[in-house]
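This report concerns only the one structure given below.
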Amino acid sequence: MSFAAVLLCGGKSTRMGRDKAFIDWNGRPLWQVQLEKLQQLGPERLLISCRAEQNIVSDAERVFDPIDANDGPLGAITRCLELVQTPLLVLAVDMPWMTVEFLRDRILPGGFFRGPHGYEALCAVYEPAMLPVLQEALRQKQLALQRVIEKATPAIHDLSFEDELFFRNANTQADLSSS
């Protein structure tokens with residue numbers, strides 16, 4: 001399957017109190033750990049969506065969040081999907097428990113996982129056919145990815161209890177301590 005991949009790093013990290021992309025994860029910044037997972041999958045194009053002031057230096061293509069956009073992950077995903085025009089594997093920087101094997105075997109075949117808290121929108125494959133729905137939601141400033149996914153009607157897979165661990169987020173210092 002031909003695909004592109006993007007690591008989402010542009011969040012404000014307000015609950016964490018510091019930029020999650022630069023949190024130490026086993027001796028390396030979290031963004032490097034997550035980017036390496038995507039590289040191992042062999043995407044045609046590899047992108048990092050971030051803020052310009054984050055100074056993330058990598059061989060991956062950087063897609064900067066506009067300074068005044070404040071459109072969250074929906075804006076970042078839409079900009080990247082417009083750029084690549086191919087299936088786009090999205091991975092959030094704050095999902096360090098996601099594995100290369102799960103990405104390859106369960107995420108890349110396509111669609112979205114639905115768990116007890118809704119769709120797992122920040123680790124999924126977005127198809128170019130979803131662009132009109134994403135763009136319209138962005139125009140209307142309806143930034144909730146859960147609603148956008150429902151409107152786009154992608155393939156949905158139920159998330160098993162055993163697989164929920166992969167989708168854990170590191171949003172607070174306590175989340176990191178419980179790992």
Side-chain angles (χ1 to χ4, degrees), residues 1-11 13 15-16 20-50 60 72-74 76-78 80-81 84 86-130 133-134 137 143-179:
M1 171 178 149
S2 176
F3 71 99
V6 61
L7 180 62
L8 298 180
C9 295
S13 304
R15 288 179 281 176
M16 183 62 75
K20 290 188 264 187
F22 293 95
I23 287 173
D24 181 276
W25 189 262
N26 299 322
R28 295 176 36 211
L30 191 51
W31 74 265
Q32 287 180 355
V33 172
Q34 295 295 81
L35 187 66
E36 186 176 286
K37 292 174 187 177
L38 294 176
Q39 286 170 323
Q40 289 180 47
L41 298 169
E44 272 186 28
R45 292 175 75 177
L46 182 59
L47 299 93
I48 297 176
S49 177
C50 60
L74 174 62
I77 293 166
T78 303
C80 291
L81 194 54
V84 299
T86 190
L88 179 66
L89 170 62
V90 170
L91 178 62
V93 73
D94 66 355
M95 297 177 107
W97 295 277
M98 183 55 65
T99 67
V100 173
E101 294 75 23
F102 194 88
L103 288 167
R104 181 188 57 239
D105 300 339
R106 304 286 304 283
I107 302 294
L108 269 180
F112 288 76
F113 278 87
R114 179 178 40 221
H117 306 291
Y119 300 109
E120 296 293 348
L122 299 182
C123 185
V125 174
Y126 286 75
E127 298 288 340
M130 296 174 71
V133 175
L134 298 171
L143 306 178
L145 282 169
Q146 298 292 310
R147 288 193 210 130
V148 172
I149 293 167
E150 286 175 357
K151 288 181 182 178
T153 63
I156 303 297
H157 312 285
D158 287 322
L159 186 60
S160 72
F161 178 76
E162 297 81 31
D163 292 339
E164 287 179 27
L165 169 68
F166 297 113
F167 292 91
R168 280 182 46 207
N169 295 93
N171 288 317
T172 66
Q173 202 61 45
D175 293 337
L176 292 173
S177 301
S178 68
S179 62

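This is a predicted model, so every value here is computed, not measured.
Under the 3.5 Å distance criterion, the side-chain polar atoms of Tyr126 are matched with a main-chain donor or acceptor of Ala121. At distances below 3.5 Å, at least one donor-acceptor pair connects side-chain atoms of Lys37 with backbone N or O atoms of Met98. Counting only distance, with no hydrogens or angles, the side chain of Gln34 and the backbone of Met95 share a donor-acceptor pair below 3.5 Å.
A distance of 8.0 Å separates CG in Leu7 from CG in Leu46, rounded to the nearest 0.5 Å. To the nearest 0.5 Å, atom CD1 of residue Ile107 and atom CZ of residue Phe112 are 9.5 Å apart.
Taking 4.5 Å as the limit, some side-chain heavy atom of Leu145 sits within range of a side-chain heavy atom of Leu122.
When the side chain to side chain contact (heavy atoms under 4.5 Å, CB included) test is applied to Arg45, the partners found at least two apart in sequence or on another chain are Ala4, Leu47, Glu61, Leu83, Val84. Residues satisfying the side-chain hydrogen bond (donor to acceptor under 3.5 Å, both in side chains) test with Asn26, not counting sequence neighbours, are none. A search for side chain to side chain contact (heavy atoms under 4.5 Å, CB included) contacts involving Leu143 returns Asp71, Leu74, Leu138, not counting sequence neighbours.
Scanning both residues, Leu103 and Cys123, for their nearest heavy atoms gives CD2-SG, 3.6 Å.
Each of Arg114, His117, Glu120 was scored for a side chain to side chain contact (heavy atoms under 4.5 Å, CB included) with Leu159, with one residue passing: Glu120.
Heavy-atom neighbours of Arg28 CZ from other residues, nucleotides or ligands within 6.0 Å: above the threshold of 12.
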